[in-house]
Asker: 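Dumping the structure here so I can ask a few things about it.
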Amino acid sequence: MKIIELENISKLYGKDENKVQALKNISLTINKGEFVAIVGKSGSGKSTLLNILGCIDNEYEGNYFFNSINIKGLNSNKLSKIRNKNIGFVLQYFGLIKNYTVYENITLPLKYSKEKITKEKKINISNLLNELSISNKSSLYPTDLSGGQNQRVAIARAIINNPEVILADEPTGALDKKTGESIINLFKELNKNGHTIIIVTHDESIYEKCSRIIKIEDGILI
């Protein structure tokens, strides 16, 4: 069953003679439960495509359907709700708030959704910390942790609302090879648990572990 469908998506940056076409008539379907890599060189359009998939960029030509809902016609409030409830984000440089503890960073999506942190939810958070091997780090700050530990915190934050889709932008780019492999193995486990995973990467050792590879070059799928 498809969860994402793009129809003739094009994206322009700039004005007049300075216009740059980042994406050119992209049509793409991603099914629920897929583990997908989007690969391409720097400037190929990978991150632009990811921003559209993540409902961050809504200024484009064409149509984007998420669970059969046309994202193009939604206002900012509805887009925010979809992002918070249905999509988790993992970034290359973690995107953690330095003066927030690990626990505070992980629970940020719950605060944005105004969800009360019940006793049951605290148990779920504790279990999540255990699963990601950071249970003894909850009161520490990002500056106290290694790169791999910070990325585990970022993954915990991304999945705390149990989103259907996890978008990861070069999630191992700031990590050494061994740590990067452990992070990819975490994504594989999340995928086995039913999450649709979409990873943007240029690292062959990473995208070879995905079940499907989508190549993009100069804004065109090839």
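Computed from a predicted structure; not experimentally measured.
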Asker: Begin from the C-alpha positions of N25 and N8 and carry the test side-chain hydrogen bond (donor to acceptor under 3.5 Å, both in side chains) through to its verdict.
Answerer: CA-CA 4 Å; N25 295 317; N8 300 315; 5.9 Å; no
Asker: Looking only at atom types and distance, does a side-chain atom of R212 sit under 3.5 Å from a main-chain N or O of V36, one as donor and one as acceptor?
Answerer: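 Side chain of R212 to backbone of V36: no pair is present.
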Asker: Check whether more than 12 heavy atoms from other residues, nucleotides or ligands sit under 6.0 Å from atom NZ of K78, and answer yes or no.
Answerer: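 No.
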Asker: Just by distance, no angles: are the side chains of N67 and E164 close enough, under 3.5 Å, to form a donor-acceptor pair?
Answerer: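 Yes - a donor-acceptor pair under 3.5 Å links their side chains.
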Asker: Distance-only, no hydrogens or angles: does the N105 side chain make a donor-acceptor pair with backbone N or O of Y100 under 3.5 Å?
Answerer: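 Yes, N105 side chain to Y100 backbone: donor-acceptor pair under 3.5 Å.
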Asker: Return yes if some donor-acceptor pair links the side-chain N/O of R83 with the main-chain N/O of C55 below 3.5 Å, else return no.
Answerer: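 Between the backbone of C55 and the side chain of R83 there is a qualifying donor-acceptor contact (under 3.5 Å).
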Asker: For Y13, does the OH atom have more than 12 heavy-atom neighbours from other residues, nucleotides or ligands under 6.0 Å away?
Answerer: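 Result for OH/Y13: enclosed.
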Asker: Look at the side chain of T179 and the backbone N and O of L175, then say whether any donor-acceptor pair between them is shorter than 3.5 Å.
Answerer: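 No, the answer is negative, given that no donor and acceptor are paired below the 3.5 Å cut-off.
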Asker: Spell out, as yes or no, whether a donor-acceptor pair under 3.5 Å connects the side chain of H195 to the backbone of P163.
Answerer: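 Pair found, side chain donor or acceptor close to backbone of P163.
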Asker: Sort out for me which residue in I106, L128, L186, V90 forms a side chain to side chain contact (heavy atoms under 4.5 Å, CB included) with I159.
Answerer: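 So the option named by the test is L128.
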Asker: Let me confirm one number: the CD1-CD1 distance from I71 to I82, rounded to the nearest 0.5 Å.
Answerer: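 Nearest 0.5 Å value for the CD1-CD1 distance: 3.5 Å.
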Asker: Is a donor on one side and an acceptor on the other found under 3.5 Å between the side chain of K11 and the backbone of Q21?
Answerer: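 Checked: no pair found.
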Asker: Does the R157 side chain pair with the main chain of G95, one donor and one acceptor, at a distance under 3.5 Å?
Answerer: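 Yes, the answer is positive, given that a donor and an acceptor are paired below the 3.5 Å cut-off.
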Asker: Is it the case that one hydrophobic cluster holds both V153 and Y93, taking links as side-chain heavy atoms less than 4.5 Å apart, direct or via other members?
Answerer: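 Unlinked, V153 and Y93 end up in two clusters.
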Asker: Treating Ile, Leu, Val, Met, Phe, Trp and Tyr as nodes and any side-chain heavy-atom pair under 4.5 angstrom as an edge, say whether L53 and F66 lie in one connected cluster.
Answerer: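 Both belong to a single hydrophobic cluster.
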Asker: If I compare all heavy atoms of N99 with all of E104, which pair ends up nearest, and what's the gap?
Answerer: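 N99 and E104 have their closest heavy atoms at O-OE1, 4.3 Å.
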Asker: With rounding to the nearest 0.5 Å, note down the distance linking CG in N191 to CD1 in I198.
Answerer: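 Rounded to the nearest 0.5 Å, the CG-CD1 separation comes to 11.0 Å.
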Asker: If you measure from NZ on K32 to OG1 on T196, what distance do you get to the nearest 0.5 Å?
Answerer: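 Result: 8.0 Å between the selected atoms.
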Asker: Between S182 and R152, what is the shortest heavy-atom contact and its length?
Answerer: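 Shortest heavy-atom contact: OG-NH2, 3.5 Å.
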Asker: Would you give the length of the straight line joining atom CD1 of I160 to atom CG of L108, rounded to the nearest 0.5 angstrom?
Answerer: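 Separation between the atoms: 11.0 Å.
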Asker: Between S80 (side chain) and S76 (backbone), is there a donor-acceptor pair under 3.5 Å?
Answerer: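 At least one qualifying donor-acceptor pair exists.
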Asker: Roughly how far, to the nearest 0.5 Å, is the OH atom of Y64 from the NZ atom of K72?
Answerer: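 Rounded to the nearest 0.5 Å, the NZ-OH separation comes to 13.0 Å.
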Asker: Does some side-chain heavy atom of K137 sit less than 4.5 Å from a side-chain heavy atom of L140?
Answerer: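 Answer yes - side chains close enough.
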Asker: For residues L167 and L28: do they belong to one hydrophobic cluster (side chain heavy atoms under 4.5 Å, members Ile, Leu, Val, Met, Phe, Trp, Tyr)?
Answerer: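 Yes; L28 is reachable from L167 via cluster members.
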Asker: Does D176 reach the main-chain N or O of K178 with its side chain, forming a donor-acceptor pair under 3.5 Å?
Answerer: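 Yes, D176 side chain to K178 backbone: donor-acceptor pair under 3.5 Å.
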Asker: When clusters are formed by joining ILVMFWY residues with side-chain heavy atoms under 4.5 Å apart, either directly or through shared neighbours, do I184 and I38 land in the same one?
Answerer: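 No; tracing contacts between hydrophobic side chains, which count when under 4.5 Å, never links both residues.
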Asker: Rounded to the nearest 0.5 Å, how far does CG of D203 lie from CD of E170?
Answerer: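 Taking CD in E170 and CG in D203, the distance rounds to 8.0 Å.
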Asker: Test of understanding: clusters of I, L, V, M, F, W, Y form through side-chain heavy atoms closer than 4.5 Å, transitively. Do L6 and L74 belong to the same one?
Answerer: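 Yes; tracing contacts between hydrophobic side chains, which count when under 4.5 Å, links both residues.
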Asker: Does the pair K2 and E5 meet the rule for a salt bridge (Lys or Arg N to Asp or Glu O under 4.0 Å), with working shown?
Answerer: CA-CA 7 Å; K2 60 189 175 186; E5 184 176 13; 2.9 Å; yes
